[in-house]
Amino acid sequence: IAVHLDKDEAGRQKLRDIGAEAYQGFELDLESRKDWEKNVDEWTKLAKQTIEPKTYPWVGAANVKYPLLSTAAMQFAARAYPSLVPSNGKIVHAKALGKDPDGAKTEIAEAVSTYMSVQLMQDMYGWEEDMDKLLIMLPILGTMFKKTYWDSLNETNCSHLVMPKNLVVNHWARNLCDAERISEIIEMSPRKLKERQQSGLWLDLDLGRAPQPLLNVVGPSVVDETTPYTFIEQHTFLDLDDDGYKEPYIVTFHKESKKVVRIVARFDETTIKQGADGKIHKIDPIQYYTKFGFIPNPDGSFYDLGFGVLLGPINESVNTLINQLIDSGTLNNLQSEIGRAHV
């Protein structure tokens with residue numbers, strides 16, 4: 001759709017307005033979850049056992065990190081993984097509904113189950129690895145996402161892991177289906193960007209040189225020709241036909257310049273609901289994301305809770321007690337050394 005709008009000045013102005021509106025919505029949703037992001041950073045540090053410089057009670061004091069949170073996450077993953085990804089490879093189980101006197105439905109269900117299981121394990125690159133990562137991270141962060149879609153560039157079905165910090169939803173949205181905006185932060189190298197421009201999937205716009213990303217916890221220390229661009233793929237609603245009703249679309253724009261590079265519909269003829277008179281009553285969006293939650297948040301917000309909030313304070317207490325014991329032993333030994341030296 002962006003290609004058709006880019007043909008004249010009026011269309012290009014429309015694209016600029018869409019990009020500015022999409023960016024504003026992204027910033028509002030990002031602001032709504034800023035407290036949650038701070039907590040996620042703390043939980044991640046605990047799970048990684050990040051050692052930070054310590055100067056109290058003195059420089060070089062004990063700084064032991066007990067792996068309580070990490071151990072709990074690994075124990076959960078060890079139990080959940082065999083249930084979701086069994087060793088026999090039968091991941092998908094289709095079920096025959098209704099009467100099946102001759103067993104024809106059951107036979108079809110078994111064929112579908114086998115075919116889809118093979119697709120997941122063999123045809124979808126990285127699916128099993130992503131599930132392993134998901135089950136380790138889920139109990140720590142509380143929320144993870146999978147994105148399932150048809151990759152037009154590589155012409156294959158994809159289902160890959162999306163980190164919760166990279167999928168921005170308003171903190172008070174009820175669920176993915178009711179969210180007005182779902183914004184995925186995508187970092188893309190100049191080479192991959194060029195592939196999408198050459199294939200006609202994205203508009204061939206001058207985006208300048210990619211700046212150093214600011215949203216990632218870990219980013220490149222030096223900006224060079226391989227530094228990725230940051231794009232926002234926003235699943236939103238637009239009224240492109242000016243009929244007073246917003247239809248579901250996907251808008252992809254460059255974060256820094258707010259230039260729109262792609263607009264595609266996220267609906268088809270099967271999601272359009274019409275009445276007996278032929279009038280359109282509503283259009284349901286196609287959902288690309290699947291949310292995996294650990295413990296529902298008691299305040300009713302979108303992002304769920306994990307072991308980070310449950311075991312985080314206990315983990316900090318254990319760290320403090322261990323370090324105090326070590327420091328007290330160090331002080332006791334040093335006093336004996338000082339006393340003997342004085343005598």
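All residue numbers refer to positions in the sequence shown, counting from 1.
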Over all atoms of both residues, closest heavy-atom pair of Glu247 and Asp239: OE1-CA, 4.0 Å
Under the side chain to side chain donor-acceptor pair (under 3.5 Å) test, residues paired with Lys34 that sit two or more places apart: Glu31
Note, Ile250 side chain near Ile263 side chain (heavy atom, < 4.5 Å): no
Asp35 bridged to Arg33 by N-O distance under 4.0 Å: no
Contact check, side chains of Arg181 and Phe237, non-hydrogen atoms, under 4.5 Å: no
Heavy atoms of other groups near Glu27 CD, more than 12 under 6.0 Å: yes
Under 3.5 Å: donor-acceptor pair, side chain of Asp100, backbone of Ala104: yes
Intermediate values then yes/no, side-chain hydrogen bond (donor to acceptor under 3.5 Å, both in side chains), Tyr289 and Glu184: CA-CA 10 Å; Tyr289 299 98; Glu184 182 184 356; 2.6 Å; yes
Ring geometry between Tyr303 and Trp36 (parallel below 30°, tilted from 30 to 60°, perpendicular above 60°): parallel
Candidates Asp41, Thr44, Thr143 - the one meeting side chain to side chain donor-acceptor pair (under 3.5 Å) with Lys165: Asp41
Exam field: side chain Asn297 to backbone Gly300, donor-acceptor pair closer than 3.5 Å: no
Lys NZ or Arg CZ of Arg262 over Phe253 ring: under 6.0 Å, within 45°: no
Heavy atoms of other groups near Met188 CE, more than 12 under 6.0 Å: yes
Residue of the set Asn170, Val169, Val168 for which side-chain contact (heavy atoms from CB on, under 4.5 Å) holds with Ser183: Val168
Whether His160 and Tyr149 hold their rings parallel, tilted or perpendicular, with breakpoints at 30° and 60°: perpendicular
Salt bridge present between Lys147 and Glu233 (N-O < 4.0 angstrom): yes
Basic-acidic side-chain contact under 4.0 Å: Glu42, Lys38: no
Within-4.5 Å side-chain heavy-atom neighbours: Met144 and Pro164: yes
Short N-O contact, Asp206 and Lys259, less than 4.0 angstrom: no
Carboxylate-amine/guanidinium proximity below 4.0 Å for Lys246 and Glu180: no
Check: Glu187 main-chain N/O paired with Thr230 side-chain donor or acceptor under 3.5 Å: no
Mutual orientation of the aromatic rings belonging to Phe302 and Phe145 [parallel < 30°, tilted 30-60°, perpendicular > 60°]: parallel
Contact summary for Leu141 and Trp43, nearest pair of heavy atoms: O-CZ3, 3.7 Å
Centroid separation Trp150 to Tyr288 less than 6.0 Å: no
Side chain to side chain donor-acceptor pair (under 3.5 Å) against Arg174, all qualifying residues, sequence neighbours excluded: none
Side-chain H-bond candidate by donor/acceptor type, Asn154 with Thr156, under 3.5 Å: no
Check: Ile280 main-chain N/O paired with Lys273 side-chain donor or acceptor under 3.5 Å: no
CA sep, side-chain torsions, deciding dist, call: Phe307, Phe76, ring pair (Phe, Tyr, Trp, His ring centres under 6.0 Å): CA-CA 10 Å; Phe307 282 147; Phe76 168 81; 7.1 Å; no
Pair Glu128-Tyr81, side-chain donor/acceptor within less than 3.5 Å: yes
Evaluation steps, salt bridge (charged side-chain N to carboxylate O under 4.0 Å, His left out), between Arg16 and Glu9: CA-CA 10 Å; Arg16 287 192 287 270; Glu9 184 54 36; 2.7 Å; yes
Whether Asp204 side chain and Gln197 backbone form a donor-acceptor pair below 3.5 Å: no
Residues, nucleotides or ligands: over 12 heavy atoms within 6.0 Å of Gln13 CD: yes
Side-chain donor/acceptor of Asp6 to backbone N/O of Ala2, under 3.5 Å: no
From Lys14 atom NZ to Leu238 atom CG, the distance as rounded to the nearest 0.5 Å: 7.5 Å
